[in-house]
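Reviewing the structure listed below.
First the proteins, then the strands, lettered A, B, ... as listed; each starts at 1.
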Protein chains: 2
Amino acid sequence: MPVESRTSLLDVMRARGLRMTEQRRTLVEVLECAEKHLDADEVFRRARERDPSIHRATIYRTLNLLKKMGLVDELDLMHVAGDRHYYEIRPSVFHIHLVCTRCGAVEEPGGPFWEELKAKVRRDTGFRPEAARMEMGGLCRDCQSPEDAIRA
Amino acid sequence: MPVESRTSLLDVMRARGLRMTEQRRTLVEVLECAEKHLDADEVFRRARERDPSIHRATIYRTLNLLKKMGLVDELDLMHVAGDRHYYEIRPSVFHIHLVCTRCGAVEEPGGPFWEELKAKVRRDTGFRPEAARMEMGGLCRDCQSPEDAIRA
DNA sequence: CTAACTGCAAACCTTTTGCATTGAC
DNA sequence: GTCAATGCAAAAGGTTTGCAGTTAG
């Protein structure tokens, strides 16, 4: 959701030789304008608002395609709201998702974790990380009771 | 999968007041003996080998129960093998899952990440982490070509 | 022109649920 | 004995697929 990709996903898709259809333009618009994480159904509903003829299967197919190409990430946000999957345009900077298990709020604090962690893992294990997903469940500031706040 | 929990899950369940049925004993056995991460269907198949009368719904219900009680974790391992969910007994020490996007191998290097990270997140954001999931996709040592190995 | 993409509808797979029965405590 | 847990079967999600028609390059 950090939307500040200077080049639109559309450009990347074009550059990779994908055909640019009206439906794909619509879908990308929906993803780029999202103010929160959307599951496939929500993406579909928003896309249909812009283009009532767009079909659910197209949403799934395109989302899968972009996922396979590494252009969007699929999240499950600790399954706090059921087994839905959420999609976001692959951010250039790795970030954590903090999911409140009480109210469902999702925060995404920034940080230099990714490069550090990637280097560390590579060094320690020989594994070469390409993508990462990190989600923490817990209580957001607003959902912590006084007692919660005390037991650090 | 780090199986070395000195006290069996069964004891914890008993201590928390859950009824100990034959089916639950079977399911825990399956989880504790698993040599890799199992999805619900695989858990079901292995449980049925030990007790042919056990029902799928029981597996799902119990897995959900244990998940809600924080005794097992649900993983998706970067969706490398489709949208399956995998289950593991909640390890006492937080660990990362490294999932090879080529061969599907899963590594779990140890490390003191969890306490450090938990403290850092709490300090930086006010969020109080209770559970974490961290998965990295990439290439395991065996799947890296010489060129891969070079471009660190 | 042709391969890629889409809409449609049906199939698929996984998970959940209501209900009567069984069994743990 | 009582309430929780189970088996069963049906329903509910959510996602995928085959096919014929459409369209981008």
Output yes when at least one side-chain N/O atom of A:Tyr60 is less than 4.0 Å from OP1 or OP2 of D:dT15, else no.
yes
Rounded to whole Å, please give me the gap between CD in B:Glu42 and P in C:dT15.
13 Å
Closest to the side chain of B:Thr21, out of C:dT14, C:dA24, D:dG7, is C:dA24
Measure CG/B:Asp76 against C1'/D:dT15 and give the value in whole Å, please.
16 Å
Does B:Arg19 contact D:dC3 through a side-chain donor or acceptor facing the base, at a distance under 3.5 Å?
yes
When the nearest nucleotide of DNA chain C is assigned to B:Ala40 and to B:Arg25 on a heavy-atom basis, which residue is associated with the more 5' position?
B:Ala40
Pick base, sugar-phosphate or nothing for B:Asn64, based on heavy-atom distances below 4.0 Å to the nucleic acid.
sugar-phosphate
B:His85 atom NE2 is separated from C:dT14 atom C1', nearest whole Å, by 10 Å
Validation row: A:Met13, A:Leu66 side chains within 4.5 angstrom (heavy atoms):
yes
With a 4.0 Å cutoff (strictly under), does any side-chain N or O of B:Arg24 reach OP1 or OP2 of D:dT6?
yes
Check the distance between D:dT17's P and A:Leu65's CG and give it to me in whole angstrom.
14 Å
Length of the line joining A:Leu10:CG and D:dA24:C1', which is rounded to integer Å
15 Å
Would you say A:Glu32's side chain and A:Leu9's backbone share a donor-acceptor pair under 3.5 angstrom?
yes
So, OP1 or OP2 of D:dT23: does either fall under 4.0 Å of a side-chain N or O from A:Gln23?
no
Length of the line joining B:His55:NE2 and D:dA4:P, which is rounded to integer Å
22 Å
Quiz question: by atom type and distance under 3.5 Å, do the side chains of B:Glu135 and B:His97 form a donor-acceptor pair?
no
When only distance counts, do a donor and an acceptor, one from the side chain of A:Arg14 and one from the base of D:dG25, lie under 3.5 Å apart?
no
Distance check needed: C:dG23 P versus B:Asp51 CG, whole Å only.
12 Å
Ignoring hydrogens and angles, tell me if any N or O in the side chain of A:Arg46 forms a donor-acceptor pair with the backbone of A:Ala34 under 3.5 Å.
no
Quick one: pull up OG in A:Ser8 and CZ in A:Arg14 and give me the separation to the nearest 0.5 Å.
7.5 Å
Interatomic distance where CD1 belongs to B:Ile59 and C1' belongs to C:dT14 [whole Å]
14 Å
Need one value for B:Arg84: base, sugar-phosphate or nothing, where a base atom within 4.0 Å counts as base even if backbone is also close, heavy atoms only.
sugar-phosphate
Kindly say whether, by distance alone, the side chain of A:Arg56 makes a donor-acceptor pair under 3.5 Å with the base of D:dG14?
no
